[in-house]
Amino acid sequence: QRQLVESGGGSVEAGGSLRLSCKLKGLYISSAVCMAWFRQTPGKQREGVAYIYPSDGDAPIYDDSVRGRFTLTQDHRENTLNLQMDKLKPEDSGMYYCAADLSIGGGSCRAREYNYWGQGTQVTVSS
């Protein structure tokens, strides 16, 4: 069974840091065409914050709202996708989801539909 399991969420004051981790089970990160972290806040549409093509060797792609503060890394040995979040702001609060897509030809990582999702991990940043 293919699963994505997030961890690392929590509560932190503005300016602080958190590190999210997404453990892949039943599939290898190298088999994904795209992987990403999304976040969702009540009443708002889910938004992508960071994307990566795991096997291309290209640099991650970041949403403007997090560029320079968040760092996306992949660990093929541990089969995890990690999101280091620094200089956190209250507007970064939300449920964070890891996603993977194995579809070839599904479009760019920013535009495609993802077929595997984790259960989410909550991030709360207080002012």
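Hydrogens, waters and symmetry mates are skipped; everything else that's a heavy atom, side chains included, is used. Just so you know, these numbers come straight off a predicted model, no measurement behind them.
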Looking only at non-hydrogen atoms, find the nearest pair between Ser126 and Pro90 and report the distance. C-CG, 4.4 Å
Please say whether the positively charged group of Arg46, taken as NZ for Lys or CZ for Arg, lies over the ring of Phe38, i.e. under 6.0 angstrom from the six-membered ring centre and within 45 degrees of the axis. yes
Given side chains that start at C-beta, do those of Leu102 and Leu27 come closer than 4.5 Å, heavy atoms only? yes
If you look at every heavy atom in Met35 and Ala100, which pair is closest and at what distance? CE-CB, 3.9 Å
Main chain of Cys22, side chain of Thr80: is a donor-acceptor contact present, judged purely on distance under 3.5 Å? no
Could you tell me whether a side-chain N or O of Asp75 sits under 3.5 Å from a main-chain N or O of Arg77, the two making a donor and an acceptor? yes
Do the side chains of Leu20 and Val123 get nearer than 4.5 Å, heavy atoms only? yes
For the residue pair Arg69 and Arg67, establish whether any side-chain heavy-atom pair is separated by less than 4.5 Å. no
So do Tyr62 and Thr71 actually touch side chain to side chain, heavy atoms under 4.5 Å? yes
Residues Asp86, Gln84; criterion side chain to side chain donor-acceptor pair (under 3.5 Å); working and verdict: CA-CA 6 Å; Asp86 299 317; Gln84 177 67 38; 2.9 Å; yes
If you compare all heavy atoms of Glu6 against all heavy atoms of Tyr97, which two are closest, and at what distance to 0.1 Å? OE2-CA, 3.3 Å
If you apply the rule side chain to side chain donor-acceptor pair (under 3.5 Å), what do you find for Arg39 with Ser65, and how did you get there? CA-CA 12 Å; Arg39 68 184 175 198; Ser65 64; 3.3 Å; yes
With a 4.5 Å cut-off on side-chain heavy atoms, are Tyr53 and Cys34 touching? yes
Student check: side-chain heavy atoms of Leu81 and Trp37 closer than 4.5 Å: yes
Taking NZ, NE, NH1 and NH2 as the nitrogens, is one of them in Asp92 or Lys89 under 4.0 Å from a carboxylate oxygen of the other? no
What distance do Asp101 atom CG and Tyr114 atom OH have between them, rounded to the nearest 0.5 Å? 7.0 Å
Locate the shortest heavy-atom distance separating Cys109 from Val33; write the atom from each residue and the value. SG-O, 4.2 Å
What distance separates Glu78 CD from Leu24 CG, expressed to the nearest 0.5 Å? 12.0 Å
Side chain proximity check, Met85 to Leu83, heavy atoms < 4.5 angstrom: yes
Are Ile52 and Ile61 close enough that some pair of their side-chain heavy atoms sits under 4.5 Å apart? no
What heavy-atom pair brings Gln74 and Ile29 nearest, and what distance separates the two atoms? CB-CD1, 3.6 Å
Measure the acute angle between the ring planes of Tyr96 and Phe70, then classify it against the limits of 30° and 60° as parallel, tilted or perpendicular. tilted
Note: Ser103 and Asn115 closest approach over all heavy atoms is OG-ND2, 3.6 Å
Check the pair Val125 / Glu13 against side-chain contact (heavy atoms from CB on, under 4.5 Å), numbers first and verdict last. CA-CA 5 Å; Val125 184; Glu13 292 185 350; over 6 Å; no
Apply side chain to side chain donor-acceptor pair (under 3.5 Å) to the pair Ser21 and Asn82, showing each step before the final yes or no. CA-CA 4 Å; Ser21 184; Asn82 305 305; 3.0 Å; yes
